[in-house]
Amino acid sequence: MKKLIVANWKCNPTSQKEAKKLLASFRNRLKKAKNVEVVICPPFVYLPDFQPPIPNFKLGSQDCFWREKGAFTGEISPKMLKDLGCRYVIVGHSERRKIFGETDEMIGEKVREVLKEKLLPIFCLGETKQERREGRTFKVLERQFRQGLKKAPKKEIEKIVFAYEPVWAIGTGNSCSVEEASKAILFLRKIISRAFNKKAGKEVKILYGGSVDSQNAPGYLGEPWINGLLVGGASLEIKEFAKIIKSVNIRDYDRLSKT
Ligand code: PGA
């Protein structure tokens, strides 16, 4: 299975001119990327700049609303995103949960609407530092998982990409060890198997995200149960991001010496 690397540009860069420059560097540096599916999630306003599509690349959005249209000032629907060429939609990112008060229920609505539009949700889950300290990591993951999927049709489980993003690791330079990330991801696989079926538990894509860089990327990518990465800060530096993409092709013995 091809690894999936998602670039989350968050609220960057600050002008369309800079966004176009960054996009051009992505086009040039990454056109020969092999054995990998790359998804770029820029701010909404830059989505039209991604036409024509970059070969090998998919377009994603960082968020969406959960209704198709209507009196919802400021909101953007999955249908509109699809029309702009998006294939993926990030849902439930911890920054949205924390800063904008998104609840598990709202996230569940978003997952449902994204699937209804035949787009692929990248559903983020993860515990805070305090929840980890209190030994509640698995409980929190299970709650987020159950609430987030409450309204998703059972047969659609294989379309959902999960992203384990421990909140304390995001944007801090303090990444989660491969061992700890693996424990959480294997736990998610267990609850997916239980809630859906064994095949889904094995085959559903689960990414790791949180302070990923070119140094730590090979370690995560070396684990067969980690299907890729959700990259924030490092996706804004093309050289660093290109190295992360390249590490998908590192052979195992190389990988071992690097981690
Ligand atoms: P980071 O962000 O790589 O800057 O930690 C990851 C994310 O928020 O998805």
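- Environment of NZ in K154: crowded, with over 12 heavy atoms of neighbouring residues, nucleotides or ligands closer than 6.0 Å.
- Taking the charged nitrogens against the carboxylate oxygens, E109 and R112 do have a contact shorter than 4.0 Å, which makes a salt bridge.
- Here the straight-line distance linking atom CD of E142 with atom OG1 of T137 works out to 13.0 Å at 0.5 Å rounding.
- Distance alone, capped at 3.5 Å, places no donor-acceptor pair between the N174 side chain and the A169 backbone.
- Taken from CD in Q130 to CH2 in W168, the straight-line distance is 15.0 Å, to the nearest 0.5 Å.
- A 6.0 Å sphere centred on NZ of K82 holds more than 12 heavy atoms belonging to other residues, nucleotides or ligands.
- When all heavy atoms are compared, the tightest approach of A217 to V212 is CB-CG1, 4.2 Å.
- A salt bridge does not link K3 to E37: none of the charged nitrogens lies less than 4.0 Å from a carboxylate oxygen.
- If you chain together hydrophobic residues whose side chains sit under 4.5 Å apart, V91 and F72 never meet in one group.
- Here the side chains of V114 and E117 are not in contact, with every heavy-atom distance at 4.5 Å or above.
- Partner of Y88 under the side-chain contact (heavy atoms from CB on, under 4.5 Å) criterion, out of V6, V161, L119: V161 alone.
- Between the side chain of Q144 and the main chain of G126, a donor-acceptor pair closer than 3.5 Å is present.
- Between L22 and N12, every side-chain heavy-atom pair lies at or beyond the 4.5 Å cut-off.
- Within the 4.5 Å cutoff, the side chain of L120 has heavy atoms near those of the R87 side chain.
- For F241 and F26, the ring centers sit closer than 6.0 Å to each other.
- Note that CG of N35 is 7.5 Å distant from NZ of K2, once rounded to the nearest 0.5 Å.
- Side chains of K69 and K79 form no contact here, defined as non-hydrogen atoms less than 4.5 Å apart.
- For the residue pair V204 and I160, the shortest heavy atom distance occurs at CG1-O, 3.6 Å.
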Run the side chain to side chain contact (heavy atoms under 4.5 Å, CB included) check on L207 and I226 step by step: do they pass? CA-CA 6 Å; L207 317 178; I226 304 183; 5.9 Å; no
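- For K151, the NZ atom sits in a loose shell: 12 or fewer heavy atoms of surrounding residues, nucleotides or ligands are nearer than 6.0 Å.
- One distance of note links CD of E134 with NZ of K129; it measures 13.5 Å at 0.5 Å rounding.
- Between the side chains of E240 and S214, a donor-acceptor pair is found at a separation under 3.5 Å.
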Could you go through I76 and C64, starting from their C-alpha distance and side-chain angles, then the distance that decides it, and tell me whether this counts as side chain to side chain contact (heavy atoms under 4.5 Å, CB included)? CA-CA 6 Å; I76 305 218; C64 70; 5.9 Å; no
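- The CD1 atom of I107 sits 11.0 Å away from atom CG of L149, with the distance rounded to the nearest 0.5 Å.
- Residues I122 and N8 form no side-chain contact, since every pair of their non-hydrogen atoms from C-beta on lies 4.5 Å or further apart.
- For T128 and E131, the side-chain atoms include at least one donor-acceptor pair closer than 3.5 Å.
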Run the numbers on S25 and L23 for side chain to side chain contact (heavy atoms under 4.5 Å, CB included), then give the verdict. CA-CA 5 Å; S25 63; L23 172 61; over 6 Å; no
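- The shortest non-hydrogen separation linking L84 to Q51 is O-NE2, 3.3 Å.
- Here the side chains of I191 and F138 are not in contact, with every heavy-atom distance at 4.5 Å or above.
- The distance between the ring centers of W225 and Y208 does not fall below 6.0 angstrom.
- Scanning all heavy atoms of the two residues, the minimum distance from Q215 to D213 falls at N-OD1, 3.0 Å.
- A donor-acceptor pair is defined here as one N or O able to donate and one able to accept, closer than 3.5 Å; such a pair exists between the side chain of R97 and the backbone of G92.
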Take K21 and E18 through the test salt bridge (charged side-chain N to carboxylate O under 4.0 Å, His left out) and record every step on the way to the result. CA-CA 5 Å; K21 224 166 108 186; E18 282 176 71; over 6 Å; no
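- By the side chain to side chain donor-acceptor pair (under 3.5 Å) test, E75 pairs with no residue at all, sequence neighbours left out.
- Nearest heavy atom pair, residue Y220 against residue S175, reads OH-CB, 3.5 Å.
- Placement of I206 and I244 within a single hydrophobic cluster is found when ILVMFWY residues are connected by side-chain heavy-atom separations under 4.5 Å, directly or transitively.
- Note on R136 versus E127: no salt bridge recorded, every NZ/NE/NH1/NH2 to OD/OE distance being 4.0 Å or above.
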Go through the steps for I54 and V38 under the test side chain to side chain contact (heavy atoms under 4.5 Å, CB included), then give the verdict. CA-CA 10 Å; I54 316 183; V38 181; over 6 Å; no
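- A distance of 11.0 Å separates CZ in F123 from CG in L115, rounded to the nearest 0.5 Å.
- For K183 and E180, the salt-bridge test passes: some basic side-chain N is under 4.0 Å from an acidic carboxylate O.
- Placement of W66 and I90 in two distinct hydrophobic clusters is found when ILVMFWY residues are connected by side-chain heavy-atom separations under 4.5 Å, directly or transitively.
- Ionic pairing of R96 and E102 is present here: one or more N-O contacts between side-chain nitrogen and carboxylate oxygen are shorter than 4.0 angstrom.
- Contact annotation: the side chain of S211 never approaches that of I170 to less than 4.5 Å [non-hydrogen atoms, C-beta and beyond].
- The pair K159-E156 meets the salt-bridge criterion, since a charged nitrogen lies less than 4.0 angstrom from a carboxylate oxygen.
- L188 and L229 fall within a single hydrophobic cluster, where Ile, Leu, Val, Met, Phe, Trp and Tyr side chains are chained together by heavy-atom contacts under 4.5 Å.
- Using a 4.5 Å cut-off on side-chain heavy atoms (C-beta onward), L230 and L4 make no contact.
- In the hydrophobic cluster analysis, where Ile, Leu, Val, Met, Phe, Trp and Tyr join through side-chain heavy atoms closer than 4.5 angstrom, V39 is grouped apart from V89.
- For D104 and K150, the salt-bridge test fails: no basic side-chain N is under 4.0 Å from an acidic carboxylate O.
- Among all heavy-atom pairs drawn from L30 and I245, the shortest one is CD2-CG1, 4.1 Å.
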